[in-house]
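Heads up, the thing below is written out as structure tokens.
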Amino acid sequence: MSARPSSRPTESTAQTLTDIVSVTYLNRDNCSFTEKNGFLGLRATIDKREASLWEQHLTTDEAAVGEKQELVLDRIFLSRAFPFEKPFEYISVFDKNKREIGFIRSLAEDFDETVCARLMRELEEAYYCPVIQRILSVKTQRGISYWQVQCDFGETTFSLRDVYVDMRKIEGPNGELRLLITDVYGNRYEIPNANALDRQSYRRIELFL
Amino acid sequence: MDRQNALFDSAQLAAEHKEQIKRSRRERLLTIDPDCATEDIVALFVFDLPDREADAASHAPRVNGLAVVFPDRIAVYVDGKSVRSFSLKEVTDFRVHVAVGSVTAECTVNGETQLICRATKQHANELGAVIKQLTAYRKSGVYCDDYLQHVACYCEHCGRPFLPGSAICPFCTKKAGVIKRLWEIARPFKWHLLTAVLLFFCITLVNLITPSLNRVLVDEYINTPTPETVSVSGFIGVIVSMAVVQLFSHALSVLRNRALIRSSNHVVVSLRELVFAKIQAMSIGRIAQRTAGSLMQRVTNDTVVIRDFITNVLPEFVQEVLVLLFISVYLFVYDWRLALLILLPTPFVIASFRFVRKRLRLLWRRRWNVGVRANSILHDIFSGIRVVKAFGMEDYESNRFDVVSADYRDASIKASNHWQTIHPILHFMIGIGEFFLLFYVGNRILDGTMTLGQMAQFSTYVSMLYTPLRWLSMLPQRLVDFGTSATKLFEIIDETIDIDDKPNAKTTPIRGTVDFNNVSFGYDNTTDVLNGINLHVEPGEMIGIVGRSGVGKTTLINLLMRLYDVEGGSICIDGIDLRDFSQESLRSQIGVVLQETFLFAGTVYDNIAYAKPTATRDEVLNAAKVAGAHEFIMRLPDAYNTQIGEKGYTLSGGERQRISIARALLHDPRILILDEATAALDTVTERQIQNALQKLMQNRTTFAIAHRLSTLRNATRLIVLDKGVIAEVGPHEELLRKKGIYYNLVIAQRQMSNMAPKKT
């Protein structure tokens, strides 16, 4: 994530690291998602080694044979490991006690279309982040800036305590400038490419860029 | 001082705000469902997101949601329609889940999770508080709506959203303006300032004499039509009086500057004191929200900018305005058409100031921000220099600093360039009248209606008129600089103190009985770190606090020191609520040794005597002895006079820790708090110190946090924290017999120490 120099010899340690840590990768073969009252649940087949962590959530069905056991959770949460770069890859699945069940490497590749769409919606709800289409006005007074914007869901206002701290700039490979804005309450807003904004909108924020 | 400066009563405003929220929500409910008018209402809260989003790519429109808690049920309305309701009897559990971009409030009904509502983050704090209160309400039937005064809302007057935790609109309540605030601070020096202004007045008048003398010189001596009659003594007299006028004006300037320098330095010092005292009075929580770099910038740089404004800009402003006034009056009396011609461009120039000011202000603010960032990166790198070196990241950090420096350079260049382009243009525009003047005066001399001396006098006055006008054209930039700094300063000064002493706070000496009564606390409203802590501690007890990392051990101690106020319940010392004690008195009777030891720049002696400057040398020696610090201090060549801290002798972790133990002991506390205080010591030294401590702390209360359980061997009782509650309490043996969490911790540590080679 941070711009570390990448030219360091990490391969030898990386191998040993993967050897000692076992990450459960969830996919269409070892798990399925359930839904009740709009909340996501999970049925997953996990390694016996990890089963001890989940005692009361295991199915009493002793027919589960071999090294595997089935885990049933009625409420699970998703969170992104790289929210800015890979919003739908490297998704951690955890329960309400914040215990991780496993990782999804890629929603699109590891799950069928309908499940993938449902999980994407779940993520979008948790990471609620409207896209700003037009900037109607930005007023800075006493160090606090007040924004009035046109979002994908309609017009809204928000304020930033410090534009330079609360607006993260991420430069894309093709010269696009992505802006991630966090307002005073912690609400997120996104401008996918500031350079593609209409002229007026761009001029309103030009000074902060 | 800050009390006097407060221009509004924030407590009263907050209370009014709370009532207003309740009223407007109730009205909203009645428009939706008039039948509710007769029913009791426990609470009303609002939300703004629909239950579900349309899909991953687009967001559904916001909703106008209202949830109402009746004594028997919760009803949820969306856009004026009732969508669901839960019977309170069937609900077993309330929860709030805070995600990155949204919050959901949920409840468990008949074993199934049900959604109450979904909202954006400005509702997070309120929903957290509501859920907390609902849980309490279900148990005790009491609902406390104190949190409402902090509920996010929009200002009635200007419609701007409030900042979190504030019910005060910065735009509508502080119209009093920065200058007025500044006057409050400058008032003690009003006589100095008044003298300065008077002197300015005199200097201006004196300076106005010179052009008249000039005219006399030209018309009556140099360019006189009758050179034969010129008296040499008169000629010399005029020149001498010009010199005297000059001398007089400069002498007055010296006096004026002295008066100004005196008052401005007083102002800057009192401003600094005010800001510094305010920062110190803020609670740890508030201070942690800001970086050390930005706070330092405020105390050092911003106060200087304000001093410069008071010493340089303000007096000059007075002087220039006076000159402008005098000369304009003269010119108008002399020839009003001419005066009008000269002053004609001024309004246009002033109008264009307003136009450029906004942009300039942003540019300058940006420069300020980049400056702060550069500072804090430096601060960061220097405090972490060991890590930087250890990983060989010097080049990376240099690059990082280079990038910010370059940013600062670019921001400065951009801001200055902008100004330097606009400024000469404005300059020229103001001076445009001069060309009209040349034409007009030239014509009159040719006509013979004006003498050369009169022309000299007249054009001197005109050029004197342009000086203030040009100076005034520089004013916007100075105002911008000043305004930026002043805003930043007053932002700090205006901050309300969240942990404050009561009007007649107690300063009684304490004995050491400590009671935690149902204490609950969280750093934010949505998650409780501690919940329902009950504990009674007798004086002289040593309480060991154990538990896994992040379980709230340090939080418990922060609460005991009142670095934060409890949210629910109370902490009492000798039966008196902590909040009734004066903080100074309380903390002077509590000794603390923290996990991270901090030594100030100074001698070893200064550092030990830090909290008790009146201590005798013998006391300091004794404290060092008990703390096991004496021996190593005596091995230092300068012993107790050794310079430590940033530039001095580098002490090891264990040595620093022993010095801070000595510091806490010298403090002679009634309650001693040890937060991993001996973690950096070997077990032998630790045991020695502990034995000494134990003797010393008889009849005094000790709270000790340690991960190494052997450290707590002497504890009278141990409390085991787990998931924010006290899971186990009792002496070591009792807890071992219980075979609970503590037993498992002990066993785990024993297994670890079995690494030592076994005897064969």
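Numbers restart at 1 for each chain; the letters A, B, ... are given by sequence-line order, proteins then strands.
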Item to check | Residue B:R52 versus chain A: region with a heavy atom under 4.5 Å | outcome: both
Next on the checklist: Run the ring-ring contact (aromatic ring centres under 6.0 Å, His included) test against B:F94 and tell me which residues pass, sequence neighbours left out.
Outcome noted: none
Item to check | Engaged part of A:Q148 at the chain B interface, taking heavy atoms whose separation is under 4.5 Å | outcome: neither
Checklist entry - Considering only heavy atoms, which portion of A:R80 lies under 4.5 Å from any heavy atom of chain B: side chain, backbone, both, or neither? => result neither
Checklist entry - Could A:E89 and A:R105 be called an ion pair, given the rule that one side-chain N must be under 4.0 Å from one carboxylate O? => result no
Checklist entry - Should the ring pair A:F103 and A:Y90 be called parallel, tilted or perpendicular, given that the plane angle runs from 0 to 90° and is split at 30 and 60? => result perpendicular
Checklist entry - When heavy-atom pairs shorter than 4.5 Å are enumerated against chain B, which of A:G154, A:G38, A:S79, A:C151 gives the highest number? => result A:G38
Item to check | Residues which pass side-chain contact (heavy atoms from CB on, under 4.5 Å) with B:D48, listed by chain and number, not counting sequence neighbours | outcome: B:R62, B:A119, B:T120, B:Q122, B:H123
